[in-house]
Protein chains: 8
Amino acid sequence: MRRAQVLALLEQVAAGTLAPSAAVDGMAFDSMESLPFATIDHSRALRQGYPEVIYSPGKTAEQTVAIAERIAARGDGVLVTRADLATREALENRFREARVNEVGRTVHIAPVAGQEGPGVTGSCLIVTAGTSDLPVAEEAAETGSAIGLTIERLTDVGVAGIHRLLSQRDRLTGAGVIIVVAGMDGALPSVVGGLVAVPVIAVPTSVGYGASFGGVAALLTMLNSCASGITVVNIDNGFGAAVAASRILLTK
Amino acid sequence: MRRAQVLALLEQVAAGTLAPSAAVDGMAFDSMESLPFATIDHSRALRQGYPEVIYSPGKTAEQTVAIAERIAARGDGVLVTRADLATREALENRFREARVNEVGRTVHIAPVAGQEGPGVTGSCLIVTAGTSDLPVAEEAAETGSAIGLTIERLTDVGVAGIHRLLSQRDRLTGAGVIIVVAGMDGALPSVVGGLVAVPVIAVPTSVGYGASFGGVAALLTMLNSCASGITVVNIDNGFGAAVAASRILLTK
Amino acid sequence: MRRAQVLALLEQVAAGTLAPSAAVDGMAFDSMESLPFATIDHSRALRQGYPEVIYSPGKTAEQTVAIAERIAARGDGVLVTRADLATREALENRFREARVNEVGRTVHIAPVAGQEGPGVTGSCLIVTAGTSDLPVAEEAAETGSAIGLTIERLTDVGVAGIHRLLSQRDRLTGAGVIIVVAGMDGALPSVVGGLVAVPVIAVPTSVGYGASFGGVAALLTMLNSCASGITVVNIDNGFGAAVAASRILLTK
Amino acid sequence: MRRAQVLALLEQVAAGTLAPSAAVDGMAFDSMESLPFATIDHSRALRQGYPEVIYSPGKTAEQTVAIAERIAARGDGVLVTRADLATREALENRFREARVNEVGRTVHIAPVAGQEGPGVTGSCLIVTAGTSDLPVAEEAAETGSAIGLTIERLTDVGVAGIHRLLSQRDRLTGAGVIIVVAGMDGALPSVVGGLVAVPVIAVPTSVGYGASFGGVAALLTMLNSCASGITVVNIDNGFGAAVAASRILLTK
Amino acid sequence: MRRAQVLALLEQVAAGTLAPSAAVDGMAFDSMESLPFATIDHSRALRQGYPEVIYSPGKTAEQTVAIAERIAARGDGVLVTRADLATREALENRFREARVNEVGRTVHIAPVAGQEGPGVTGSCLIVTAGTSDLPVAEEAAETGSAIGLTIERLTDVGVAGIHRLLSQRDRLTGAGVIIVVAGMDGALPSVVGGLVAVPVIAVPTSVGYGASFGGVAALLTMLNSCASGITVVNIDNGFGAAVAASRILLTK
Amino acid sequence: MRRAQVLALLEQVAAGTLAPSAAVDGMAFDSMESLPFATIDHSRALRQGYPEVIYSPGKTAEQTVAIAERIAARGDGVLVTRADLATREALENRFREARVNEVGRTVHIAPVAGQEGPGVTGSCLIVTAGTSDLPVAEEAAETGSAIGLTIERLTDVGVAGIHRLLSQRDRLTGAGVIIVVAGMDGALPSVVGGLVAVPVIAVPTSVGYGASFGGVAALLTMLNSCASGITVVNIDNGFGAAVAASRILLTK
Amino acid sequence: MRRAQVLALLEQVAAGTLAPSAAVDGMAFDSMESLPFATIDHSRALRQGYPEVIYSPGKTAEQTVAIAERIAARGDGVLVTRADLATREALENRFREARVNEVGRTVHIAPVAGQEGPGVTGSCLIVTAGTSDLPVAEEAAETGSAIGLTIERLTDVGVAGIHRLLSQRDRLTGAGVIIVVAGMDGALPSVVGGLVAVPVIAVPTSVGYGASFGGVAALLTMLNSCASGITVVNIDNGFGAAVAASRILLTK
Amino acid sequence: MRRAQVLALLEQVAAGTLAPSAAVDGMAFDSMESLPFATIDHSRALRQGYPEVIYSPGKTAEQTVAIAERIAARGDGVLVTRADLATREALENRFREARVNEVGRTVHIAPVAGQEGPGVTGSCLIVTAGTSDLPVAEEAAETGSAIGLTIERLTDVGVAGIHRLLSQRDRLTGAGVIIVVAGMDGALPSVVGGLVAVPVIAVPTSVGYGASFGGVAALLTMLNSCASGITVVNIDNGFGAAVAASRILLTK
């Protein structure tokens, strides 16, 4: 149950057309559901505008499917991230309508009609420095789509050939939010951040070798960006970047 | 010269009431100014909504005053951060109208009338975990004020006494953007992020000792927040957090 | 031979009903047993209340079984931790009565009748932040059970949905000791520690990715907890946390 | 107001000798008090058995005195840790009865008569590896005393002369809790932990140079102790070790 | 004695106008000179084209002056780097003709006439990201000048205002070698490296705070540059960058 | 299209024998080509003297082949680095003329006749400390050859047997550029750098174990070389070292 | 050819019974042998008392066999360390007399009669903290034996049961050199070092998990040992410890 | 009381010329002495050949003097290391005969006549890479002298001018033990270790800047030395290196 639905209920209560006790039943505000291995937070969509997302690593395929079933039963839709092949197949077998992104390793089950997320204004532009950064970018794109954002892409425009980026300046300044995905030197967000006034969310990736230290080099670059007002998420965290974008675009 | 002013010029051009060449003179779009020790980016206010801010460390008080004079001459206002005592005094002597924040170590010279920043909707709520985090929070507050944001504060509500935070839930959910400033364990943004749907910007501080490693512990906590969609800036970077907030609020 | 048994012997000596030399034979206080690859510390149960536990990694299945046979022959029971599949199967083949925990990767052979550990008062509550933390929590649970503790569980109550934890406040305050198992941001012990007066033992896990650095982020969070008096064990060290709990509960 | 006092109130309510509303007034369960720079958690003594302790670094002497005044007004006593010379003097000037520990850098103002902490059973033995570790040990001793623990000391018994420790074995096994304070190699807790069955809390100190990395070497040694069930607190955190000891001893 | 001088001697030997034994006396190929605290490598100018440079930290002002006297006596000129104020003054007192650079903390005593370094072709362009990077850039400039390079400068053209750099593209492509000095995110060399075909030497600086870790962030950025063929020297090592440039330009 | 070709075009324009518009068509100065997963920078050969090189990790074999086809179509030749077995085979199947280096994991497709790189003067000598460093040395050798450098090799001359190196002093001093490849202690570049005046590029390798930390020990050694003017590239970055060498040799 | 043999030759020369030129032929003092992938240092036995040892990782089985053949041809014996299964089998096939140690992953081919190493006085005692440390201890034992040392062992006597070590005090004080092998907390060398006056060489192992960081915790413990005069080698470097022991025992 | 003295006593007992009880009184084998802040290990000279050394940091000048008085009273001599100026002066005032080394920051009070350390054979050669390494070398030299070693010095022979070292080859091969002190790249021990067969103890120093990380770079270089059998002590630990040398030379 998403925030907008609860607001509708509360407006009926305010108008006297719905009894408070009925509203409480409808809202299940504090509802949690306990499995032997999980405590599902069904009110998260209410608090934050999108339902609880299942982070797959460390869970068996069976556990992931079981949690997905409980969330799906609420009708808000389900997103599973970092799903390995076995989990992706188990989810596909159980939910025939699921959309699987092999590059981004995500599985999405759409919400039932009438429970889609709220409308948004402005697009989320996902910029990647290199082809090797695509899995993280795709995780971001799928997550954003699942929440209801309009996703655009600008791919392989790293700073070693700066004219590739400068030639797309209009797309950059026209976006609502920009997610910049880069590994190795992680220098792209600094350049993008200096070109635009809109929010820029930097995602370091683990692309690289040696002194990239699994993405630490890119992470530090972004945290120290000389372009001010850049924010950063964890290494390879395309999911988190998209949620951060939705916090910006959905609350407008 | 801020973005809004340039837009006004361009609308006059579009309406035929201003010659393009006059507009170019007025805009000085690509203007830079070279000092022996600096290349000032006068078009930053145009590109990003606020003028270039002077980061003081590593510059002599004389260099800082000289750069401030050049920027102030444009009328957009000047903000100096991390100013030590000598620099703060040198700026006060030169700019009698400057506002000095001793805790936040900032100096602000207001823009001339008619060149203030754009109006904003929504407030920026700055939440701090402990009293020792105040210098960073004040840097954020001064920066946000200088750009034109409405700043609110919620102080010393760390998670060791979680009821202090929960009792202020309404203020949290009502904010436009929340900046959470915390040192030591850096756990506060995770809790705040789980309570609200609005954008949350986490600022780790160097408050702590031993295995806090000058703020690294708090930084890592925030990058790994189990509340999704939290973004992070550099340790003690109150300035950057406020600029990130302005990117969100000003572009609405 | 456990501490309680030795005390019984000594009381007989004090009462004059047992000759000191017989008592020495019975106690084997300093007994060690040397295998080509191990020196078994048979008096550990005497000194510390539970027998030597076999940490399996780096030992072959054959070495582990051989050491287990020597310890089992004393009748105090045997616990093997971090056992891989081959070792678990080798132990099951040799000790038909062994209890194997596939999630926690432990194998337990119960002590013979009359040599169980001492009674305890108060329970050990094991709280986990997420489903992915269960293997570590199960290692703690099995270890605690083997030593003789009463184990309770509270699962998947991370701080991103703080109401899940707050709704269980009674269980928290009623425990004798609380073990909190959390990966990623590791923020849960800070919140739990602020809610209760009982001992809290924090266990960081390697759950996470990127800047979690295999559990380092959670470890640092816990070491810097703003709730005071939280103690910490090594990453993924469910075993150590349970032994620490037993030091508290058994010595009452 | 400490936990024992509230229990007394509640028992009067249960006995019908105190009206519930009077009890509420007396308890002020959720009371907080807001200063411009702090939100004091007056119910901490209630929740955890001792009042909020003031961590001094990052606060001005004036701020520390102001917070101390508010806490002292409740009668529960005040403890200030890591107080620099100026803060210690400011507190002494304001609270003539304060006890100052120059080595441990603490200031303690005793609770008013009748509001002392609860009685405890068992002593807290503080063992130090070297003379240079004394400031941390003294912080622990002062904190423990302020909470109400019986403190004993065993000083300069590091493992390079293991007979110094072994000759004190009776004192070790007779303690209720042992706090082991060690810098450099941090090896002492492993040896102590192998000798006793009681809880052992290890405190790494920043004593050392070069590859001690400000206490990191000792911290890692303790986290990896081959004696099982050792718990660890932050580097130089004598305060936290004593609070952890009090969680163990007070809740018995 | 520089390489060119020795070549001249050898050519006289080859022409029969100088006896080999006289040449040996003149060359002192393997000459070393031992002070109680130093073994001076007088043949370094011969092997590498410039005399031994005195790295000042860890040496007393007296030691530095004594070593400088010995080197100056050879006539090749002397360069002292990282000289603190006391050392700079001691050198000025002893060598009245010395040139002192207060920003770069260098002292240079010119070689005697006829022993200057070899001519070079092509200039060394030193590009700095920000004003705070100037001390390192000046160390590089002074070192390059002392060796005989033609130094040009381009200051404060960091990537947050990329147009500042792009407007100077001609100066970049026309240089013989480019030294790029940058702190914070260290992103500038990646952009420069993508614009030019000439050698680019990147110098990370310790400018920054928090997660810049004293220049480590910039160092890692540069080592992971997505522009290929960038080489890197130690943090703040302006001296080394200039020597590397001289290896390139002098050997042409 | 390489730099020399463009110069030829421009000289025709200057001579009046080629129309400017035809030259533009011929040059395609800013040409980029967008695939769904890559934006190919076809002007890189123009800007930097060699075409874009394909870094294979993180790309599927299909993506790598597709990008190689686009670049090969320009006639400038193609180099693929870090190609795993599947990618090497896919490239061999598609480009029968490709040269595959199994040790260096590179694939090279030569440029078409008339589009080879420019001539160079001086050789690039690749020195390795041990046999285990050969894969990195071979990556450097293949890259250098592809760009057009003359490659020489000196293998297994680490400092533990310093006479092996000293006996080859003539080859060292006669080289145009020296690339020194070393793992473990990474000490070889310091010794080489002290022997010669030519440019020395140091490549740390991940050869080693324990405290070599995957090449970090060698990297730090090289960054701190007491021989001045040594420059360093990323761990295992034979490719980058060769490109840096080409920047030096090609621009002479 | 070992040092002792060369001394014998030289004594003949001194006695006039051997012509100098014949001695030179016999000694081949500076002999090196170049393979395409290695430069073998045949004079190492001469300089250091034992022949060059082949470190196997990063070399193919074929390369290792080829180098072993060249060294074996000199008659000094061959030692191969860190040999994987394929390399061990390849060496066994080629050298039927080779001794393979499966635990220590070494292969040893004995020197021909008359070329054994020099006699030694005093034994090398290898002490291990736990069973999991045996592979490193065995590498040390095999290396020591190959050089000619008398090896003794004391196994599984870690500090968690300190009486196991103390009961063996005579063996400790009677050794010529002690090698102490320990993972996890690495505390054993500190205790051993405090008990004896003989040289103690500490070998940290990668045994452990979590915050042992692959042996870094044990390494740091040993570097910071509060027992003075302990020396340390790289993590898991049993080979190096044995060579260090031979430097001590052989040169007596 | 040193080892040799106790042996003399025991030989008298064996010869029947001294009663065992008198010998015990004379030996005080297990004697310890407790001050409020220290437990002095008077039997250390007995166990290890030299008395307990006072590590000064973290102790007040008064504490250091008090401990020194107790040790001096035994007649074995006293060594204080890392003494700051105040401590050095306090010791000089109290012990007029003390020898103070200002560079090495040591204070030595000689043993009384007849209690000097045992005679040794072979010298300890201390080799330093640069002038800035002298304080650490002097600490080693003073410590070695205090224990009774013959100290020789070879100063400023770093690998950047390798001929400085090679010209001293005879002194290297003739030493009993070599201590190599080096900062920055720490490469010198690898070269020395390859030249000699005697024991080599490497001491990394904190000399350097940037990526030397306070001596970590040199430490890692030495731990990964490609010359085998090099052992390493803590950064700047000249004291420990000398004690290790004495363990080798005194036990011969």
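Please read these numbers as outputs of a predicted model, since none were measured by experiment.
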Compile the donor-acceptor pairs under 3.5 Å between side chains in residues 187-197 of chain C and protein atoms, sequence neighbours left out, one pair per line.
| unit_1 | atom_1 | unit_2 | atom_2 | d |
| --- | --- | --- | --- | --- |
| C/S190 | OG | B/D185 | OD2 | 2.5 |
| C/S190 | OG | C/S225 | OG | 3.0 |

Q) For the candidates D/V233, D/L220, D/I201, D/T143, which exhibits the highest count of non-hydrogen atom pairs separated by less than 4.5 Å from chain C? A) D/V233
Q: Could you tell me which non-hydrogen atom of C/V232 sits nearest to which non-hydrogen atom of D/L223, and how far apart they are?
A: O-CD2, 4.3 Å
Q. Pick one: which of D/T231, D/V198, D/V200 meets side-chain contact (heavy atoms from CB on, under 4.5 Å) with C/R247?
A. D/V200
Q | Heavy-atom contacts under 4.5 Å, residues 235-244 of chain D to chain C | A | D/F239, D/G240, D/V243, D/A244
